[in-house]
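Data block below; observations after.
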Amino acid sequence: QVQLVESGGGLVQAGGSLRLSCAASGRTAVRYAMAWFRQAPGLEREFVAAISWSRDMTNYAETVKGRFTISRDNAKNTVYLQMNSLKPEDTAVYYCAAVYSDYVRQTGYDFWGQGTQVTVSS
């Protein structure tokens, strides 16, 4: 089992930046891929970005490509999401997720955090 705790959400103006963090604990000695998802009010949860255990593979949703960057520090068991050029449509609850895997993936995550709210004002 892996426990995930997100932080770093908040209120920002359009065009601004935020950095989300997700700290993992529990059974973290096994290789695991990590990802960020988001869910806006009234919409389904959607994939945002993912990174492999070795950090050599990343994957992004088209809507955030070029604006968001996912990274991880395995020594700290932490994954980050740097969000730049934020838009009002990026407003959502952002969730961190993990799965025991060497590879990036957009689905099939087993462990989830409780989420952190990101609000982008126009």
Side-chain angles (χ1 to χ4, degrees):
Q1 290 276 350
V2 176
Q3 292 79 44
L4 303 170
V5 179
E6 303 96 335
S7 61
L11 173 64
V12 64
Q13 288 189 332
S17 298
L18 278 176
R19 189 175 84 151
L20 305 182
S21 299
C22 173
S25 61
R27 189 167 176 249
T28 57
V30 180
R31 291 173 177 264
Y32 56 99
M34 298 191 77
W36 289 94
F37 290 76
R38 66 186 182 186
Q39 186 168 20
L43 299 179
E44 293 188 354
R45 186 168 57 194
E46 64 175 1
F47 169 80
V48 174
I51 187 167
S52 63
W53 166 261
S54 58
R55 295 164 292 182
D56 60 347
M57 290 183 286
T58 58
N59 187 237
Y60 294 92
E62 286 298 323
T63 52
V64 306
K65 198 172 290 185
R67 299 188 298 122
F68 291 9
T69 302
I70 189 170
S71 61
R72 66 189 293 170
D73 183 338
N74 289 340
K76 296 181 179 180
N77 293 318
T78 300
V79 66
Y80 305 96
L81 186 68
Q82 178 66 44
M83 305 185 294
N84 299 328
S85 302
L86 282 162
K87 305 175 182 179
E89 50 264 44
D90 294 318
T91 295
V93 177
Y94 283 71
Y95 297 91
C96 175
V99 62
Y100 291 131
S101 171
D102 278 346
Y103 305 106
V104 293
R105 53 204 294 179
Q106 296 191 4
T107 60
Y109 284 80
D110 295 317
F111 309 108
W112 294 85
Q114 293 188 332
T116 185
Q117 177 71 46
V118 172
T119 303
V120 184
S121 63
S122 57

Within the distance-only criterion (no hydrogens, no angle test), does the side chain of [X] pair as donor or acceptor with the backbone N or O of [Y] below 3.5 angstrom?
| X | Y | result |
| --- | --- | --- |
| Arg72 | Asn74 | no |
| Gln82 | Thr69 | no |
| Glu6 | Gln114 | yes |
| Ser52 | Val104 | no |
| Arg67 | Ser85 | yes |

Note to self: Applying ring-ring contact (aromatic ring centres under 6.0 Å, His included), can you list everything that pairs with Tyr103, at least two apart in sequence or on another chain?
What the structure shows: none
Notebook entry, point to check: Who passes ring-ring contact (aromatic ring centres under 6.0 Å, His included) against Phe68, sequence neighbours left out?
Noted result: none
Next item on the list: Kindly give the cluster partners of Phe37, where membership spreads through any ILVMFWY side chain lying under 4.5 Å from a current member.
Entry: Phe47, Val93, Tyr95, Val99, Tyr109, Trp112
Check: Cation-pi between Arg27 and Tyr100: NZ/CZ under 6.0 Å from ring centre and within 45° of the ring axis?
Finding: yes
Margin query: Nearest 0.5 Å, please: how far is CZ in Arg55 from OG in Ser71?
Written below: 9.5 Å
Next item on the list: State the CG-CD1 distance between Asn59 and Ile70, to the nearest 0.5 angstrom.
Entry: 9.5 Å
Margin query: Suppose the criterion is ring-ring contact (aromatic ring centres under 6.0 Å, His included): which pairs have a residue in residues 16-35, not counting sequence neighbours?
Written below: Tyr32-Trp53
Is there a side-chain contact between [X] and [Y] in this structure, where contact means two heavy atoms from C-beta onward sitting under 4.5 Å apart?
| X | Y | answer |
| --- | --- | --- |
| Thr91 | Gln117 | yes |
| Val79 | Leu81 | no |
| Thr63 | Arg38 | yes |
| Met83 | Val118 | yes |

Checklist line | Closest approach of Leu4 to Val2 (non-hydrogen atoms, all atoms of both residues) | finding: CD2-CG1, 3.7 Å
Name the atoms and distances for all side-chain donor-acceptor pairs under 3.5 Å in residues 10-26, with sequence neighbours left out.
from	atom 1	to	atom 2	distance (Å)
Ser17	OG	Asn84	OD1	2.9

Checklist line | Which residues share a side-chain contact (heavy atoms from CB on, under 4.5 Å) with Glu62, sequence neighbours left out | finding: Lys65
